[in-house]
Amino acid sequence: QVQLVESGGGLVQAGGSLRLSCAASRSIFSAIGWYRQAPGKQRELVAEITRANSKNYAEAVKGRFAISRDNAKNTVYLQMNSLKPEDTAVYYCSARNTLNRYWGQGTQVTISS
């Protein structure tokens, strides 16, 4: 059983920053990252980091968001800067390996204009 526990969401004004954290119950993943889902929209990839430390970002967040991880703590972070109202969504931590994908419960991020 794999558990992913997110924290760090909240309400901030446009232009502000937030840092999301995702603590994983174990570390054996091919990649781990963040997805988001806004009301009425499909869930989309925000950022992902692979075992080889390769990072992949959605175009909409490049230059504003940064993904990182602390292997000793089995934790991945998403630093979100210059936040915009369109970043408002539920953010989900997700990890994958060869056979499975795992999801956290989600954390709400709301950006006010």
Side-chain angles (χ1 to χ4, degrees):
Q1 185 73 12
V2 175
Q3 290 186 323
L4 303 173
V5 181
E6 303 108 329
S7 60
L11 170 64
V12 297
Q13 290 187 332
S17 298
L18 280 173
R19 189 176 81 153
L20 305 183
S21 299
C22 172
S25 59
R26 59 179 187 171
S27 62
I28 306 176
F29 300 118
S30 301
I32 187 168
W34 296 90
Y35 285 69
R36 68 185 181 187
Q37 187 166 20
K41 294 188 177 181
Q42 289 188 332
R43 193 171 296 187
E44 61 179 2
L45 174 69
V46 177
E48 186 178 66
I49 184 167
T50 69
R51 188 196 304 273
N53 214 35
S54 175
K55 300 175 184 178
N56 181 35
Y57 294 96
E59 285 296 326
V61 307
K62 282 183 179 179
R64 300 189 297 123
F65 291 12
I67 190 168
S68 62
R69 67 183 181 195
D70 184 333
N71 290 333
K73 297 181 179 179
N74 289 343
T75 299
V76 63
Y77 304 98
L78 185 67
Q79 178 66 44
M80 305 187 294
N81 299 324
S82 302
L83 284 161
K84 304 175 181 180
E86 51 264 43
D87 294 317
T88 295
V90 178
Y91 283 69
Y92 296 91
C93 181
S94 181
R96 60 180 172 89
N97 57 28
T98 303
L99 297 177
N100 296 294
R101 177 175 285 281
Y102 307 93
W103 295 95
Q105 81 284 358
T107 185
Q108 178 69 46
V109 171
T110 303
I111 312 303
S112 63
S113 58

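Just so we're clear, the structure is a prediction, and the values are computed from it rather than from any experiment.
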Worksheet entry | Close side-chain approach of V61 and M80, heavy atoms under 4.5 Å | no

Worksheet item: Which atoms form the tightest heavy-atom contact between Q79 and S17, and what is the distance?
Response: NE2-CB, 3.9 Å

Practice prompt. Group every Ile, Leu, Val, Met, Phe, Trp and Tyr by side-chain heavy-atom contacts under 4.5 Å, then state whether L45 and Y92 land in the same group.
Written response: yes

Fill in: Smallest separation among heavy atoms of V90 and Q108, with atom names
CG2-OE1, 3.2 Å

Discussion item. Do I67 and V109 land in one hydrophobic cluster if side-chain heavy atoms of ILVMFWY residues count as linked below 4.5 Å?
Written reply: yes

Practice prompt. Calculate, to the nearest 0.5 Å, the distance between atoms CD and CD belonging to E44 and Q37 respectively.
Written response: 9.5 Å

Worksheet item: Between the main-chain N or O of G63 and the side-chain N or O of Y57, is there a donor-acceptor pair closer than 3.5 Å?
Response: no

Practice prompt. Would you name the heavy atoms of L83 and V12 that are closest together and state the gap between them?
Written response: CD1-CG2, 3.7 Å

Response to the item:
For P85 and S113, the nearest pair of non-hydrogen atoms, with its separation, is CG-CB, 3.8 Å

Item to complete: Locate the shortest heavy-atom distance separating L78 from A47; write the atom from each residue and the value.
Response: CD1-CB, 4.0 Å

Exercise answer: donor-acceptor pairs, residues 18-35 side-chain atoms, under 3.5 Å, sequence neighbours excluded:
residue: S25; atom: OG; partner: Q3; partner atom: N; Å: 2.8
residue: Y35; atom: OH; partner: R101; partner atom: NH2; Å: 3.4

Discussion item. Grouping I, L, V, M, F, W and Y whenever their side-chain heavy atoms are under 4.5 Å apart, do Y91 and Y102 come out in a common cluster?
Written reply: yes

Discussion item. I'd like to know if the side chain of E6 reaches the main chain of Q105, judged simply by a donor and an acceptor atom lying under 3.5 Å from each other, with no hydrogens or angles considered.
Written reply: yes

Worksheet, complete the sentence: Scanning both residues in full, the closest heavy-atom pair of C93 with V76 reads SG-CG1, 4.1 Å

Worksheet item: In a check of side chain to side chain contact (heavy atoms under 4.5 Å, CB included) between R69 and each of T75, N53, N74, which one passes?
Response: N53

